[in-house]
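Not measured: the values here are computed from a predicted model.
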Amino acid sequence: MAEEEWGFAPPPFKPDEALQRLRRDLRELGLAERDGVFERRGTAIARAKVDGDTLAAARVKRPSRHSPDWQARVLKSSADVRDFVADLKKQLAQWSDRDD
């Protein structure tokens with residue numbers, strides 16, 4: 001249903017607050033942050049930064065210590081942030097120790 005039918009709009013997206021929440025969520029997944037990049041055992045897994053009124057986020061296609069291949073996403077809402085974390089959680093579960 002359209003927003004007009006319900007008579008309310010979702011709260012405005014605040015990228016600074018969303019980045020703080022994303023950082024907490026990624027730490028809960030066992031990742032450590034270093035200079036805006038989230039790592040697992042020294043291997044880059046994800047990164048995120050505020051980009052205007054959105055978050056610029058990315059995750060690796062496959063863990064690599066040498067030159068990670070990033071999949072970028074623009075997060076424009078809290079739902080986008082939740083989806084990014086859920087997708088990353090699923091990928092972390094699929095990657096085995098031999099992938100690191």
Query - Shortest non-hydrogen contact from A44 toward V60 - result: O-CG1, 3.5 Å
**Report entry** Closest non-hydrogen atom pair between R65 and R41, with its separation
**Finding:** NH1-O, 3.1 Å
Gap between atom [atom2] of [Y] and atom [atom1] of [X] - 0.5 Å precision:
X   : Y   : atom1 : atom2 : result
K89 : E28 : NZ    : CD    : 9.0 Å
L22 : R27 : CG    : CZ    : 10.0 Å
L26 : F38 : CG    : CZ    : 5.0 Å
D80 : R73 : CG    : CZ    : 6.5 Å
S77 : L55 : OG    : CG    : 10.0 Å

Is there a side-chain contact between [X] and [Y] in this structure, where contact means two heavy atoms from C-beta onward sitting under 4.5 Å apart?
X   : Y   : answer
V74 : D51 : no
F13 : D53 : no
L88 : L31 : yes
I45 : L92 : yes
P15 : T54 : no

Query raised in the report: So, the side chain of D87 versus the backbone of D83: is there a donor-acceptor pair under 3.5 Å, distance only?
Result: no
Query raised in the report: So, is the end of the R59 side chain (NZ or CZ) under 6.0 Å from the ring centre of W70 and within 45° of the ring's axis?
Result: no
Requested in this report: Go through the steps for Q91 and Q94 under the test side-chain contact (heavy atoms from CB on, under 4.5 Å), then give the verdict.
Outcome: CA-CA 5 Å; Q91 280 302 133; Q94 289 178 354; 3.4 Å; yes
Report task. Could you please spell out the steps behind the side-chain contact (heavy atoms from CB on, under 4.5 Å) verdict for W95 and R40? Result -> CA-CA 11 Å; W95 293 327; R40 181 175 67 174; 3.9 Å; yes
